[in-house]
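Right, one structure below, let's go through it.
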Amino acid sequence: MNCNRRTFLAAAFAAAFTLNLPAFAAKPLVIGFSQVGAESEWRTANTVSIKDAAKKEGITLKFADAQQKQESQVKAIRSFIAQRVDVIAFSPVVESGWDTVLREAKRANIPVILTDRAVNVSDPSLYVSFLGSDFVEEGRRAGRWLVERQKKTPDAVLNIVELQGTVGSAPALDRKKGFEEVIAGNSKLKMLRSQTGDFTRAKGKEVMEAFLKAEGKKINVLYAHNDDMAIGAIQAIEEAGLKPGKDILVISIDGVKGAFEAMIAGKLNVTVECNPLLGPQLMQIARDVAAGKPVPKRVVTQESVFPAEVAAKEFPNRKY
Ligand code: AHR
């Protein structure tokens, strides 16, 4: 080592010591994350989990809220590429239309992790890992609950209305598919109407009002693709002079605190869990990817089903 380099290193150590910093602190990992929006209680919990986990891990998180717009997500991903982040993660608002921008990320050598929702791409190497729930199974769980419930009134035909999530999104497509798979061929379960409520309370209420106007007391069951739409619809049912949870059975998905409160109040019959607390696992996958370690292509979140009967007991354990 020549004299100049020794002098430089000594000065660097002295400066680091004075500033109370490690002399050669590793550069923090930088993740660009594009979130769907803030459409539901679930989404808010998901955002908090991701931000908290990044902070705890000392990871720099560049966070962009797409307000449920695919164009905004594409724009955010392009901006992350331009900023040369280490890893891009995103929860795609809809399934299709990602090939071009993901190819751009691949060309720039930036690994992409999907969280929560899947994409439909021609080349699966466009993303390195997908962390999230099995939405088809969630739909099946909702359907199985209803099949069992119908057996309590074996002669009755139950008329169902369905509030779908955002059009073209993985949870809307898959939850519909899983539910239909289970009720198919069951002559006692009949789907009357099915429409999107965009995963929001306001839209859930509005569409349920329209269902009630069109079908009135014929409706026996509401299947909502998330708790927020169910909570909005419960309001519509009450305003129509009916009792949610009794006159109309209410089935939904997520397991947020609001759903537990509705179950405890006797207004919602069952919620199928969809866990939003993906932050810690996402940070781990991002670290492994950045370190060049192999990561699983698919990580499925473990979840459960909560009928109203267990709501009061489970409520204190709920984290979101
Ligand atoms: O993608 C997960 C779904 O998106 C949640 O079920 C819903 O509440 C959210 O908006």
Side-chain angles (χ1 to χ4, degrees), residues 33-50 65-70 72-73 89-96 98 113-120 127 130-143 162-179 196-205 207-208 222-234 250-263 268 270-279 281-282 298-306 318-320:
F33 181 73
S34 168
Q35 179 60 292
V36 169
E39 73 283 3
S40 62
E41 215 178 306
W42 188 100
R43 188 65 54 198
T44 307
N46 180 246
T47 294
V48 170
S49 170
I50 289 166
D65 177 342
Q67 299 180 347
Q68 298 247 64
K69 291 189 198 90
Q70 183 173 31
S72 307
Q73 290 203 294
F90 80 118
S91 172
V93 60
V94 290
E95 264 190 355
S96 52
W98 299 104
I113 302 170
L114 305 176
T115 78
D116 164 34
R117 298 183 181 181
V119 292
N120 193 350
Y127 64 90
F130 167 33
L131 162 69
S133 309
D134 180 342
F135 295 137
V136 178
E137 183 54 25
E138 289 173 352
R140 287 191 199 113
R141 288 176 179 164
E162 178 181 34
L163 282 170
Q164 297 177 38
T166 302
V167 176
S169 70
L173 296 165
D174 292 353
R175 288 171 184 171
K176 183 170 181 52
K177 186 174 163 205
F179 186 81
T196 180
D198 212 13
F199 282 131
T200 68
R201 278 185 200 204
K203 232 13 207 344
K205 180 168 188 270
V207 177
M208 190 66 202
L222 162 67
Y223 167 44
H225 288 190
N226 83 342
D227 290 338
D228 280 75
M229 291 189 294
I231 291 166
I234 284 171
V250 183
I251 304 169
S252 72
I253 297 184
D254 276 355
V256 298
K257 284 185 180 167
F260 276 76
E261 281 159 2
M263 286 196 286
L268 196 142
V270 62
T271 185
V272 175
E273 187 179 35
C274 176
N275 190 346
L277 308 179
L278 304 176
Q281 274 173 297
L282 173 60
R298 177 75 169 107
V299 182
V300 181
T301 318
Q302 296 307 306
E303 291 153 348
S304 180
V305 177
F306 298 103
R318 300 308 292 162
K319 303 249 175 335
Y320 59 94

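Counting starts at 1 for both ligands and their atoms, following the listed order.
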Protein contact to [atom] [nearest heavy atom, distance to 0.1 Å]:
atom                    : result
atom 5 (C) of ligand 1  : Asp254 OD1, 3.4 Å
atom 2 (C) of ligand 1  : Asp116 OD1, 3.2 Å
atom 10 (O) of ligand 1 : Glu39 OE2, 2.4 Å

Have a look at Arg175 and tell me which of Gln164, Glu138, His225, Glu137 forms a side chain to side chain donor-acceptor pair (under 3.5 Å) with it.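 It is Glu138; the other options fail the test.
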Distance only, no hydrogens: is a donor on one side chain within 3.5 Å (strictly under) of an acceptor on the other, for Thr166 and Asp198? yes
Do Asn275 and Thr301 meet the criterion of a side-chain donor-acceptor pair at a distance under 3.5 Å? no
Counting only heavy atoms, which portion of Arg117 has something under 4.0 Å from ligand 1: side chain, backbone, both, or neither?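 The answer is the side chain of Arg117.
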Mind checking whether Arg175 contacts ligand 1 via backbone (N, CA, C, O), side chain (CB onward), both or neither, at a 4.0 Å heavy-atom cut-off?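 The answer is the side chain of Arg175.
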Considering residues at least two apart in sequence or located in another chain, which fulfil the ring pair (Phe, Tyr, Trp, His ring centres under 6.0 Å) criterion with Phe260? Phe306
Residues Glu41, Arg201: salt bridge by 4.0 Å N-O rule: yes
Hey, does His225 come in under 3.5 Å of ligand 1, counting only N/O atoms on both sides? no
Under 4.0 Å from one or more heavy atoms of Pro171, ligand 1 contributes atoms 1 (O)
Which ligand 1 atoms are under 4.0 Å away from a heavy-atom of Ser40? 7 (C), 8 (O), 9 (C), 10 (O)
Which donor-acceptor pairs under 3.5 Å do side chains of residues 89-96 form with protein atoms, sequence neighbours excluded?
unit_1	atom_1	unit_2	atom_2	d
Ser91	OG	Arg43	NH1	3.4
Ser91	OG	Thr115	O	3.4
Ser91	OG	Asp116	OD2	2.8

